[in-house]
Amino acid sequence: MMKTACCEDCLFQASCPAPYSLPGVSILIFNTSRQCFVVVKQFRPAVYMCEVERQHPQLFQNQDKESFSRLEDPLPAVVGVTYELCAGIVDKPHLSLEEIACEEILEECGYRVPVTNLKKITSYRSGVGVTGSRQTLFYAEVTDQMKTSGGGGQPEEGELIEVVEIPLEDSMKFAYDETLPKTMGVIFSFTWFQNNIAPKLPKSNIKAP
């Protein structure tokens, strides 16, 4: 869906077309039983195509749609896989942000989390050059006893999600490892945890990176 708006700061008062995007929620999940973060890994077509363009720029020079089928050595799908926080769009007006976040945790990661277990970290704008949607970031602690399924999202909706555990002791190394594609939300939330939650943990749970 496209929205058109006229903003005061635009040159010549021009109309500014922008794709409309629903607000979203994302959740930093920390498993206290295992002392690890729970994130998701999934294939993102846009990431894959950016990697195709980086490695095969000639395919995009003539904008010939048929040329994509002539790539002799297609890149493996893994180049389009990213590590992300559990997240979802806000598309149920009758539910609060917290309730939607809890639904996403259950669907994607398999943990049944009470609304009262959520702590709001902050809200922010994402994709400001494209969508500008409002995102709300939560923190949730879970235990092994709260896990009721393997997660994985909803395949009928095209979701193919792998649940990944990142040990606390390896989290910052993981966050800044550029060979492991990830969203800024992962880096920010891991850093937030180190500044706000880690200092309160028993020292025996925190190992030097």
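S26 places no side-chain N or O within donor-acceptor distance of the main-chain N or O of L85, the cut-off being under 3.5 Å. Between the K92 side chain and the V90 main chain, no donor and acceptor come within less than 3.5 Å of each other. Of the possible donor and acceptor atoms, none in the side chain of D177 sits under 3.5 Å from a partner among the backbone N and O of K173. Side-chain atoms of Q55 never come within 3.5 Å of backbone atoms of V52 as a donor-acceptor pair (strictly under, hydrogens ignored). Put simply, the side chain of K147 never gets that close to the backbone of V142: no donor and acceptor are under 3.5 Å apart.
A salt bridge is absent between E98 and K120: the closest approach of a Lys/Arg side-chain nitrogen to an acidic carboxylate oxygen does not fall below 4.0 angstrom.
Placement of I29 and L201 in two distinct hydrophobic clusters is found when ILVMFWY residues are connected by side-chain heavy-atom separations under 4.5 Å, directly or transitively. There is a path of hydrophobic side-chain contacts, each under 4.5 Å, that joins L28 to I166. Under the 4.5 Å side-chain heavy-atom criterion for grouping Ile, Leu, Val, Met, Phe, Trp and Tyr, V39 is not connected to I105 through any hydrophobic cluster. Taken together through direct or relayed side-chain contacts under 4.5 Å among Ile, Leu, Val, Met, Phe, Trp and Tyr, I100 and V115 form parts of separate hydrophobic clusters. Following chains of ILVMFWY side-chain contacts shorter than 4.5 Å, one can reach V186 starting from I197, so the two form part of one hydrophobic cluster.
I161 places none of its side-chain heavy atoms less than 4.5 Å from the side chain of K41. Side-chain contact between L118 and C102 is present, with heavy atoms from C-beta onward closer than 4.5 Å. Contact of the T122 side chain with the W192 side chain is not registered, since no non-hydrogen atoms from C-beta on lie closer than 4.5 Å. Counting heavy atoms from C-beta on, the side chains of L106 and V113 never come closer than 4.5 Å.
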Scan the side chains in residues 76-84 for donor-acceptor partners under 3.5 Å anywhere in the protein, sequence neighbours excluded, and list what turns up.
| residue | atom | partner | partner atom | Å |
| --- | --- | --- | --- | --- |
| T82 | OG1 | E84 | OE2 | 2.6 |
| E84 | OE1 | Q42 | NE2 | 3.1 |
| E84 | OE1 | R44 | NH2 | 2.8 |
| E84 | OE2 | R44 | NE | 2.8 |

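Between M172 atom CE and F193 atom CZ the span is 11.0 Å, to the nearest 0.5 Å. Considering CG of L75 and CZ of R54, their distance stands at 9.0 Å, rounded to 0.5 Å. The line from CZ of F138 to CG of L97 is 5.0 Å long, rounded to the nearest 0.5 Å. Rounding to the nearest 0.5 Å gives a distance of 10.0 Å between CD1 of I27 and CD1 of I121.
Shown here for Y48 and P74, the closest heavy-atom pair between the two residues is OH-C, 4.4 Å. Q135 and L22 make their closest contact through NE2-O, 4.3 Å (heavy atoms, listed as atom of the first residue, atom of the second, distance). Nearest heavy atoms, V163 versus C109: CG2-CA, 3.9 Å. Across all their heavy atoms, F30 and C36 have their closest contact at CD1-O, 3.3 Å. Here the closest heavy-atom approach between residue R134 and residue S123 is recorded as NH2-OG, 2.9 Å. Looking at every heavy atom in both residues, E104 comes nearest to C86 through O-SG, 3.4 Å.
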Step-by-step side chain to side chain contact (heavy atoms under 4.5 Å, CB included) determination, V164 to V40: CA-CA 6 Å; V164 180; V40 298; over 6 Å; no
ring-ring contact (aromatic ring centres under 6.0 Å, His included) evaluation trace for Y124 with F188: CA-CA 12 Å; Y124 57 94; F188 169 78; 7.3 Å; no
Stepwise side chain to side chain donor-acceptor pair (under 3.5 Å) test for Y111 and N31: CA-CA 10 Å; Y111 291 91; N31 185 316; 3.0 Å; yes
From CA spacing to verdict: side chain to side chain contact (heavy atoms under 4.5 Å, CB included), E107, S149: CA-CA 9 Å; E107 290 178 4; S149 73; over 6 Å; no
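If you look at F174 and F37, their ring centroids are not closer than 6.0 Å.
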